[in-house]
Structure formats: structure tokens, C-alpha cells
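Here's the structure, in C-alpha cells; my notes come after.
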Amino acid sequence: MEACFVNLVEPGDQVIVCRNGVFGDRMVQNVTRVGGEAIIVDSPWGRAVEVDKVEQALKANPDAKFLAFVHAETSTGAVSDAKALCKLAQQHDCLSIVDAVTSLGGIELRVDEWGIDAIYSGSQKCLSCVPGLSPLSFSEKAVNIVKNRKSLIQSWFLDQSLVMSYWSGEGKRSYHHTAPVNSLYSLHESLVQLQNEGLENAWARHQSQHETLAKGLEKLGIEFIVPKEERLPQLNAIYIPEGIDDVKVRSYLLNHYNLEIGSGLGDLAGKAWRIGLMGYAARSENVALCLAALEDALKQ
Ligand SMILES: *Cc1c(COP(=O)(O)O)cnc(C)c1O
């Protein structure tokens with residue numbers, strides 16, 4: 001996230017930032033820290049980014065240079081229409097900056113087809129890899145911005161113009177930083193596994209495991225926060241049933257079943273649980289364990 005904003009946004013640049021959860025808010029903080037002007041489009045937590053509102057903001061701010069949004073908001077479990085938002089950005093001469101930390105490998109994501117200009121992900125979510133790496137992709141337009149900036153990129157470590165000369169600059173392989181090779185081998189393995197399964201098959205597996213989990217939760221009388229058509233299969237955000245103690249249930253699951261579910265973040269703290277079904281973890285035995293353990297915990 002920071003690598004995108006620090007490389008692309010120059011002081012004074014207007015950035016339209018969509019905020020419908022914790023990570024959209026983190027984008028706002030990144031824009032501010034690099035001296036950009038964040039124009040915030042708020043949508044309710046637990047819902048997708050409202051495309052109409054974004055269009056109004058683009059029309060009202062013709063000088064805006066970027067549109068930034070989170071594809072899969074992990075804090076609330078809502079997916080936003082990345083394809084429509086990127087199209088809007090193009091129509092208004094804005095570059096898109098997209099958070100795909102939780103979406104990559106879990107749901108449909110088409111970087112070039114949707115015309116995404118800058119996108120980042122993480123190794124530890126649906127790629128099921130060790131944490132610490134952040135795959136990043138820039139379009140030609142984004143690369144040109146990095147190369148033709150007026151001001152120096154404030155972070156030396158994240159400066160992609162230096163990293164680009166490692167890949168393809170004069171002489172090539174000019175030293176920038178020591179690569180975390182162990183983690184890169186790990187990422188390679190996780191991508192091999194994804195390739196062997198097939199990306200589309202992985203998307204379908206996340207969806208079907210989510211549906212099994214949703215059915216089971218319904219039987220327990222538990223309600224989802226996000227409306228069906230905006231739900232992320234890999235992050236199931238549910239309301240804590242009335243009269244149930246948030247912390248007691250989560251520690252019971254952890255101590256009796258070695259199963260950890262997420263607490264609510266930000267506005268949803270104390271009101272929600274978040275059940276992750278990401279990457280390798282999105283499989284039948286885990287869904288069955290989770291439903292049985294949750295039923296027991298609620299009874300207790
Ligand atoms: C997890 C997550 C991040 C942050 O990833 P870290 O590796 O913890 O910094 C950012 N955005 C989204 C949508 C995430 O789910």
C-alpha cells in the first residue's frame with residue numbers, strides 16, 4: 001500500500017479514496033503522509049463501495065489524479081466492483097490504485113483486463129504463503145509517473161525507480177537492497193500450488209466452501225453482516241448473537257479446538273466475528289470443524 005502511494009502521489013496531488021472499512025482508512029492515512037490531498041468517499045461498513053458516489057466525486061473533482069479503493073475489505077467482508085471502479089477512473093483520466101491483499105487467489109481479479117494501474121497484494125492471505133512479501137504491479141502509465149516525477153520519492157527503500165534499474169537499468173542488477181530469498185522461494189512454492197490447482201478452480205473452491213459455511217451458520221441462527229451479493233467468500237463477517245460474550249467464545253474456540261476466528265475491527269469491534277477461509281485453509285475439514293466448534297462454544 002505504502003509503496004503505491006509513496007511512488008505515485010506527489011505533494012499536492014488529489015487522490016479520491018474510497019473508504020468502507022479499516023483498510024480504506026489506512027489508504028487515507030497513506031495519502032496524507034505523502035502530502036497528497038485525500039478526497040474521501042465514504043460508504044457504509046459492511047457494504048461495497050458505492051459506484052455512483054465515486055462517479056459524483058470524480059465529476060466534482062476534475063483535477064484528481066488517482067482513484068484508490070480496496071477490492072476485498074477484510075475488516076468487513078465486503079467485495080467492491082473493481083472492474084466498474086477502474087473503468088470510471090479511466091473515463092475521468094485518473095489512475096487506479098487497488099488493494100488486492102485479500103482478493104488475490106480468492107476471487108476473480110483481472111489486473112490488465114480491468115485496466116488496473118497500480119495494485120498490491122500480500123503473501124499471507126489467499127496465497128497461503130509466509131508473511132512479509134507484497135507483490136506489486138504497475139501499468140505503463142504508472143511506471144511513467146514514477147520515472148517523470150518532479151519531487152524525489154520520499155522513501156529510499158520503496159523507491160521503485162531504483163528497483164527498476166535493478167531489473168532492467170543500465171548494466172542491470174545494480175544493487176538496491178538484499179532480497180529476502182527464503183521468502184521468495186516460499187512465494188514461488190505457493191504460486192506453483194495455485195498454478196497446479198488452477199486459478200479459476202481456486203476461486204470456485206473458495207466460493208463453494210463459503211456456501212457450505214454460510215448454510216451451517218444459518219442453521220445456528222447466525223446472520224451475515226454483508227448482503228449476499230457483496231459477500232467475500234474468503235472473509236465471512238457475522239454478527240455476534242445477542243447475549244453472547246465475544247471474548248469468551250473466541251478463547252473457547254482457541255483453547256478447546258485450536259481454532260482462531262477474527263474479532264471485529266474498527267466500527268465492528270465487539271459486534272462481529274470474522275471467519276477466514278483463505279487459500280489452503282478454505283477446505284471442507286476446516287469448515288466442518290469451525291461449525292461444530294462454534295455450535296459447542298455457543299452452547300457452553
Ligand atoms: C491484511 C490486509 C492489509 C495489510 O496487510 P499487512 O501485511 O498486515 O500489512 C491491507 N489491506 C487489506 C485489504 C488486508 O486484508
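Just follow the structure's listing: the first ligand is 1, and inside any ligand the first atom is 1. Worth knowing before you read on, the calculation uses all heavy atoms, side chains too, and leaves out hydrogens, waters and symmetry mates.
Side-chain polar atoms of S190 and S128 form no donor-acceptor pair below 3.5 angstrom. In summary, the side chains of D52 and Q56 do not present any donor paired with an acceptor at a separation below 3.5 Å, with no hydrogens or angles considered.
The part of A72 lying near ligand 1 is the backbone, judged by heavy-atom distances below 4.0 Å. Looking at E73 against ligand 1, nothing comes within 4.0 Å, counting heavy atoms.
Between E197 and R205 there is a salt bridge, since a side-chain N of the basic residue sits under 4.0 Å from a carboxylate O of the acidic one. Ion pair E55/K53 not flagged as a salt bridge, since none of the NZ, NE, NH1 or NH2 atoms sits closer than 4.0 Å to an Asp/Glu carboxylate oxygen.
Ligand 1 has K125 within reach: a non-hydrogen atom of the residue lies less than 4.0 Å from it.
The closest side-chain heavy-atom distance from L8 to V146 is below 4.5 Å.
Here the protein heavy atom with the shortest distance to atom 10 (C) of ligand 1 is F23 CD2, 3.3 Å. Atom 8 (O) of ligand 1 has as its closest protein heavy atom Q124 NE2, 3.8 Å.
Using cut-offs of 30° and 60° on the angle between ring planes, the pair F157 and H176 is parallel.
When the options T102, D99, T74, V70 are ranked by their closest heavy atom to atom 11 (N) of ligand 1, first place goes to D99.
Listed by atom number, the atoms of ligand 1 under 4.0 Å from R26 heavy atoms are 4 (C), 9 (O).
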